[in-house]
Amino acid sequence: MKTNIIALAALIAGLSFASAAEKIKAPNGGRIIDSVEPHAEFLINADKKIEIRFLDDAGKVVAPAAQVVTVTMGDRANPTKLAFAKDGDKLVSDKTIPEGKELPVVVQIKTAPDAKSATAKFSLNLAKCPTCEHAEYACTCAHGGEEKGHEGHDHK
């Protein structure tokens, strides 16, 4: 009985944590990377540079501290590597993203220079979502599944 109660409490705590992570909205319409604390928003700006903002559990932007971010993307045979510099409440890439509408992306974030990297991999699909106001890479539609979208609309 005691084991069942402990297991149930752990399950409820886990569900509460998952629900809290799902509720975080990207304040600037980017993609949320939740494999790191604080969570990060990945956004392509109008200048085709990447902006990374860190978010607390309420989704509010917190200034970058000692985080180190690197992004590798584009052609796998000749990838583009981007480094980041602090710019106010965000980190901004040193270069623009490579040409293309759908690019493989690997984001590595260290919370401190000597910490282990948290890694996020996804496809940077720059096409506009037909259902919501965001680009596909940052789509917020409720499709009922991460990989399957609605007709003609898949998330990868």
A.B. asks: In Å and rounded to the nearest 0.5 Å, what is the OG1 to CG distance from T72 to L82?
C.D. replies: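 T72 atom OG1 to L82 atom CG measures 7.5 Å (nearest 0.5 Å).
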A.B. asks: Under a single-linkage definition using a 4.5 Å side-chain heavy-atom cutoff for Ile, Leu, Val, Met, Phe, Trp and Tyr, are V92 and I97 assigned to the same hydrophobic cluster?
C.D. replies: no
A.B. asks: What distance do Q108 atom CD and K81 atom NZ have between them, rounded to the nearest 0.5 Å?
C.D. replies: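 These two atoms lie 8.5 Å from each other.
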A.B. asks: Looking at K110 and A115, what are the two nearest heavy atoms and their distance?
C.D. replies: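 Here K110 and A115 meet closest at CD-O, 3.4 Å.
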A.B. asks: For residues K86 and P64, report the shortest heavy-atom separation together with the two atoms involved.
C.D. replies: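 Looking at all heavy atoms of both residues, the closest pair is NZ-O, 3.5 Å.
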A.B. asks: Does A83 offer a backbone N or O that forms a donor-acceptor pair with the side chain of D94 under 3.5 Å?
C.D. replies: yes
A.B. asks: So if I apply the side-chain contact (heavy atoms from CB on, under 4.5 Å) rule between F84 and each of I109, V68, V71, which one comes out positive?
C.D. replies: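 That would be V71; it is the only one of I109, V68, V71 passing the side-chain contact (heavy atoms from CB on, under 4.5 Å) with F84.
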A.B. asks: Above 12 or not: heavy atoms from other molecules or residues under 6.0 Å from NZ of K128?
C.D. replies: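 It does: K128 NZ has more than 12 such atoms within range.
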A.B. asks: When the side chains of residues 43-51 are checked against the rest of the protein, which donor-acceptor pairs come out under 3.5 Å, sequence neighbours left out?
C.D. replies:
from, atom 1, to, atom 2, distance (Å)
N45, OD1, D47, N, 2.9
N45, OD1, K48, N, 3.2
N45, OD1, K49, N, 3.0
N45, ND2, E51, OE2, 3.1
E51, OE1, R53, NH1, 2.7
E51, OE1, R53, NH2, 3.0

A.B. asks: How far apart are the closest heavy atoms of F42 and Y137, and which atoms are they?
C.D. replies: O-CE1, 3.6 Å
A.B. asks: Answer yes or no: is there a side-chain heavy-atom contact under 4.5 Å between H134 and C129?
C.D. replies: no
A.B. asks: Show your reasoning for whether side chain to side chain donor-acceptor pair (under 3.5 Å) applies to T111 and Q67.
C.D. replies: CA-CA 4 Å; T111 55; Q67 293 96 335; over 6 Å; no
A.B. asks: Donor-acceptor check, side chain of S117 to backbone of T119, threshold 3.5 angstrom: yes or no?
C.D. replies: no
A.B. asks: Where is the tightest heavy-atom contact between V105 and M73, given as atom of each residue plus distance?
C.D. replies: CG2-CE, 3.8 Å
A.B. asks: CG of D57 to NZ of K60: how many Å apart, nearest 0.5 Å?
C.D. replies: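 Between atom CG of D57 and atom NZ of K60 there are 13.0 Å.
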A.B. asks: Do you know the tightest heavy-atom contact between G100 and L126?
C.D. replies: O-CD1, 3.6 Å
A.B. asks: Please check: side-chain N/O of N125 versus main-chain N/O of A127, any donor-acceptor pairing under 3.5 Å?
C.D. replies: yes
A.B. asks: Rounded to the nearest 0.5 Å, what separation is found between the CD atom of E99 and the OG1 atom of T80?
C.D. replies: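 One gets 10.5 Å once the value is rounded to the nearest 0.5 Å.
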A.B. asks: Quick one: pull up CD in E41 and CZ in R31 and give me the separation to the nearest 0.5 Å.
C.D. replies: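 If we round to the nearest 0.5 Å, E41:CD and R31:CZ are 12.0 Å apart.
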A.B. asks: Can you find a pair of side-chain heavy atoms, one from D75 and one from P98, that are under 4.5 Å apart?
C.D. replies: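 When only atoms from C-beta onward are counted, P98 and D75 do not touch, as no gap falls below 4.5 Å.
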A.B. asks: Could you pull out the closest heavy-atom pair between P113 and A66, with the gap in Å?
C.D. replies: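 Closest approach of P113 to A66: CD-O, 3.6 Å.
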A.B. asks: Rounded at 0.5 Å granularity, tell me how far CG in L124 sits from NZ in K101.
C.D. replies: 10.5 Å
